[in-house]
Student: 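Questions regarding the structure given below will be posed in turn.
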There are 2 protein chains.
Amino acid sequence: MPKYPHIKATLKARLLAGKYREGEPIPSESQVASEFKVSRMTARRAVDELEREGYVYRVQGAGSYPTGKRFRQGVFRIRSLEELALELPDQPLPFTKVLKAGISTATPKVSDALRIAPNTAILEIIRLRGLGDLPVLLEKRFLKLEQTEALLKTDLRVESLHDTLVGTLGLSISRVEQTLETANLEHENAKLLELPIGTSAFLMKRISFFGDLPLAYTRYWVRSDRRAFVSVFEP
Amino acid sequence: MPKYPHIKATLKARLLAGKYREGEPIPSESQVASEFKVSRMTARRAVDELEREGYVYRVQGAGSYPTGKRFRQGVFRIRSLEELALELPDQPLPFTKVLKAGISTATPKVSDALRIAPNTAILEIIRLRGLGDLPVLLEKRFLKLEQTEALLKTDLRVESLHDTLVGTLGLSISRVEQTLETANLEHENAKLLELPIGTSAFLMKRISFFGDLPLAYTRYWVRSDRRAFVSVFEP
DNA sequence: GAGTGGTCTAGACCACTCG
DNA sequence: GAGTGGTCTAGACCACTCG
């Protein structure tokens with residue numbers, strides 16, 4: 001039997017019981033190692049997992065502290081269409097329809113997200129993706145023209161355009177910021193997703209950075225009835 | 001400079017460029033170690049992170065394989081009210097209002113989630129939580145009576161009732177399953193969250209397991225305009 | 001049986017925090 | 001300067017996969 005799960009469980013139980021005060025460090029990795037008679041690396045592994053689960057945070061040189069605030073927070077993962085398909089009885093095939101791919105000018109929201117002047121020429125790609133003949137999500141993507149124009153020469157029906165940017169075009173994405181909201185679907189988007197106007201859907205916004213600058217801004221509308229977000233936690 | 005980020009980046013670039021075929025293992029940890037002239041533990045750390053980010057999956061005894069399917073998927077974390085407050089200019093105080101706490105009978109949906117007979121007596125707790133005087137989320141929680149009745153004697157205005165179950169009542173939660181959907185708010189819930197009827201909101205459903213059996217079923221309606229879900233990724 | 005990932009050890013050096 | 005977390009090494013033994 002591995003040793004670190006026991007150490008992790010013991011520390012977690014103490015944290016949940018409030019045995020470590022907020023603002024004060026929990027025992028150091030060396031102390032944990034001697035208490036449980038293991039090497040520091042093994043003690044560290046237990047604390048590693050507590051950190052990843054949000055129970056503690058670490059400060060180099062100072063110690064590890066109970067999080068308190070970030071306690072017990074759910075994490076959701078977006079599932080790919082392929083993964084969703086596996087769950088359905090008839091395992092429908094994913095499809096991608098390219099509705100638009102060309103040059104347009106930045107609206108205020110887009111120029112704001114990309115930090116460029118309004119009305120600058122940009123690359124705009126709109127895709128509808130789904131399973132079988134059911135639409136699941138609508139993507140509207142706005143990209144800085146100079147670095148990404150070559151995208152137009154690639155197959156835009158691939159699952160992830162992000163991978164094309166990184167793999168084929170060789171752009172190294174330094175950071176991705178994304179937020180998740182909900183939205184009442186407006187007429188055009190509702191029609192494409194085959195839902196009544198006003199239906200509630202996920203709205204995900206994503207900005208990809210190339211170096212310090214935004215490179216791409218994408219909005220995704222995702223049908224909520226397709227079990228796109230699921231998570232299971234084993235504490 | 002640490003060595004593992006370089007190894008990780010190199011492997012990731014190869015994966016994105018398609019240099020490793022799906023269904024075939026990437027080089028073993030020992031091979032990576034000799035290629036980059038590091039110990040196996042350092043090579044392993046690089047692969048660890050690739051696994052956590054979903055680029056590869058491992059099979060003990062067989063090897064590590066490119067994921068393909070699960071590629072590049074976003075993860076969202078629910079933020080606590082405290083964390084949200086830190087972002088706002090006036091740093092409003094979180095509040096919790098207990099709207100109901102008592103015994104009721106299970107509706108079909110609830111008995112289904114808890115795997116009990118319909119109309120069984122259960123514990124029902126409804127809370128409204130928010131920041132300053134703005135409501136942010138509504139919680140409706142249904143619990144198996146025998147194990148959780150002691151909850152009624154505790155302070156129900158704490159941030160996390162889950163922590164009370166685990167910490168004070170000493171119930172060990174073996175698993176948490178949660179799904180995230182969106183919903184158009186119905187009249188009563190809309191009124192409590194101070195939004196027009198039909199407004200789109202998050203609907204999170206969570207089932208907590210005690211051993212193999214469901215112990216608690218909770219539905220959360222969360223206002224979408226409060227930036228509850230955010231994630232930043234540094235690839 | 002050879003190779004793989006999973007875990008662990010007992011050390012080491014470093015950057016960092018804190019009084 | 002003492003203590004902390006961050007990284008790394010060179011080994012070791014194990015459970016597991018696969019031909």
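Atoms considered below: every heavy atom in the structure, side chains included; atoms not considered: hydrogens, waters and symmetry mates. Numbers restart at 1 for each chain; the letters A, B, ... are given by sequence-line order, proteins then strands.
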Student: Are there more than 12 heavy atoms of other residues, nucleotides or ligands under 6.0 Å from atom CD of Glu24(A)?
Tutor: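 Yes, enclosed.
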
Student: Indicate whether OP1 or OP2 belonging to dT7(C) is found under 4.0 Å from a side-chain N or O atom of Thr42(A).
Tutor: no

Student: Distance check needed: dC8(C) C1' versus Arg44(A) CZ, whole Å only.
Tutor: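 One finds 15 Å between C1' of dC8(C) and CZ of Arg44(A), rounded.
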
Student: Report yes if a side-chain nitrogen or oxygen of Tyr4(A) is closer than 4.0 Å to either non-bridging phosphate oxygen (OP1 or OP2) of dT7(C); otherwise report no.
Tutor: yes

Student: Could I get the full list of ring-ring contact (aromatic ring centres under 6.0 Å, His included) partners for Tyr4(A), not counting sequence neighbours?
Tutor: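 Listed in chain order: nothing, the list is empty.
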
Student: Any strand is fair game: report the nucleotide pairing with dG5(D) by Watson-Crick or G-U wobble, both distances under 3.5 Å, or none.
Tutor: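 dG5(D) is paired, partner dC14(C).
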
Student: Report the distance from atom CE of Met41(A) to atom P of dT7(D), rounded to the nearest whole Å.
Tutor: 10 Å

Student: Just by distance, no angles: are the side chains of Tyr220(B) and Arg141(B) close enough, under 3.5 Å, to form a donor-acceptor pair?
Tutor: yes

Student: Looking only at side-chain N and O atoms, does Lys37(B) come under 4.0 Å of OP1 or OP2 in dT9(D)?
Tutor: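 Answer is no, no contact under 4.0 Å.
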
Student: Do other residues, nucleotides or ligands put more than 12 heavy atoms under 6.0 Å from Arg157(A) CZ?
Tutor: no

Student: What does Arg45(B) touch in the nucleic acid at a heavy-atom separation under 4.0 angstrom: a base, only the sugar-phosphate, or nothing?
Tutor: sugar-phosphate

Student: Starting the side chain at C-beta, find the nucleotide from dA12(C), dC16(D), dT7(C) nearest to Gln60(B).
Tutor: dC16(D)

Student: Kindly say if Ser28(A) contacts the phosphate of dG3(D), meaning a side-chain N or O under 4.0 Å from OP1 or OP2.
Tutor: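 Negative; the distance criterion is not met.
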
Student: From the set dT17(C), dT4(D), dT7(C), return the single nucleotide nearest to any side-chain atom of Val59(A).
Tutor: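 For Val59(A), the side-chain atoms sit closest to dT17(C).
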
Student: Contact class for Val38(B) vs. all strands (heavy atom < 4.0 Å): base, sugar-phosphate, or nothing?
Tutor: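 Sugar-phosphate contact only.
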
Student: Could you pick out which residue, Glu51(A) or Arg40(B), lies toward the 5' side of DNA chain D when each is mapped onto its nearest nucleotide?
Tutor: Glu51(A)

Student: Here's a test of your reading of the structure: between Ala62(B) and Glu29(A), which maps to the more 5' nucleotide of DNA chain D?
Tutor: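 Nearer the 5' end of the strand: Glu29(A).
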
